[in-house]
Every structure is written in C-alpha cells, then in structure tokens.
Peer 1: 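This is the structure I have questions about; it appears just below.
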Amino acid sequence: MQTPSRTELPLTSSSSGCGCCSAETLSAPFAGEGVEYSVEGLTCGGCVASVQRSVSAVDGVESATVDLAPGGVSRLTITGSAEPSAVKDAVTAAGYSLTKS
C-alpha cells in the first residue's frame, strides 16, 4: 500500500483549526505584524509559557507569542504599544535574555 502524499491527505479548515491547535494560535500575528525580538535560553514549552506570561503582563502589550527554536534563538512577537525597555525587563525577569530588538 502506498502512503498518500501530503496534498492528498485531508486538511482541516483554517477557520476551525485542528485538535492540536488552539484558537489563540490561529489568531497570532502574521509575519510582518507586531514587533519581533530575539530571545535566548528557551528550551521547552514551559520556558515559552513563562516568557509569554511575563511579557503579556507589561502595560501596552495586546498579545505576546513565542516561536521556540530549541538550542537557538527563539522569536518573541508582540502587538500593542509597549515600550521596548519594558519588554526587555519582562524577559529578563522571566530569566531569559533579549538579544536583539
């Protein structure tokens, strides 16, 4: 039996998402929207949650999402009108390093 190619597999509608994706993930900013920062030291989902929680508490942050790159530099994207220095302080308070803003 031949395995179907990726294009032959059924896909879920982007409006409903799938069982492993939450609506929050689907509403995350697209590339080019928001402000991006590079964060070092993240190794797991717990690290991601810690940074997102800390940055989300900053005045002016509407949303904060992290794209984890284990062993590398992860990308933090925020929307809103937060001051970059406040974002840096929040990432540092969570125990990680902001490498570029």
Peer 1: Could you work out, with salt bridge (charged side-chain N to carboxylate O under 4.0 Å, His left out) as the rule, every residue matching D67, not counting sequence neighbours?
Peer 2: R75

Peer 1: I would like to know whether T99 and V73 meet side chain to side chain contact (heavy atoms under 4.5 Å, CB included); could you show each step before the answer?
Peer 2: CA-CA 8 Å; T99 60; V73 178; 4.0 Å; yes

Peer 1: Measure across Y37 and P84 and return the closest heavy-atom pair with its distance rounded to 0.1 Å.
Peer 2: OH-CA, 3.6 Å

Peer 1: Is the closest side-chain heavy-atom distance between L76 and T65 below 4.5 Å?
Peer 2: no

Peer 1: Return all side-chain donor-acceptor pairs below 3.5 angstrom for residues 53-61, not counting sequence neighbours, or 'none' if the list is empty.
Peer 2:
from, atom 1, to, atom 2, distance (Å)
S54, OG, A90, O, 2.8
S56, OG, Q52, O, 2.7

Peer 1: Could you give the distance from CD1 (I78) to OG (S63), rounded to the nearest 0.5 Å?
Peer 2: 8.5 Å

Peer 1: Keeping S50 on the side-chain end and G46 on the backbone end, is there a donor-acceptor pair under 3.5 Å?
Peer 2: no

Peer 1: Who passes side-chain contact (heavy atoms from CB on, under 4.5 Å) against E62, sequence neighbours left out?
Peer 2: T79

Peer 1: Hey, does the side chain of S74 reach the backbone of A69 with a donor-acceptor pair shorter than 3.5 angstrom?
Peer 2: yes

Peer 1: Check V39, T43, L68 against V48 for a side chain to side chain contact (heavy atoms under 4.5 Å, CB included) and give me the one that passes.
Peer 2: L68

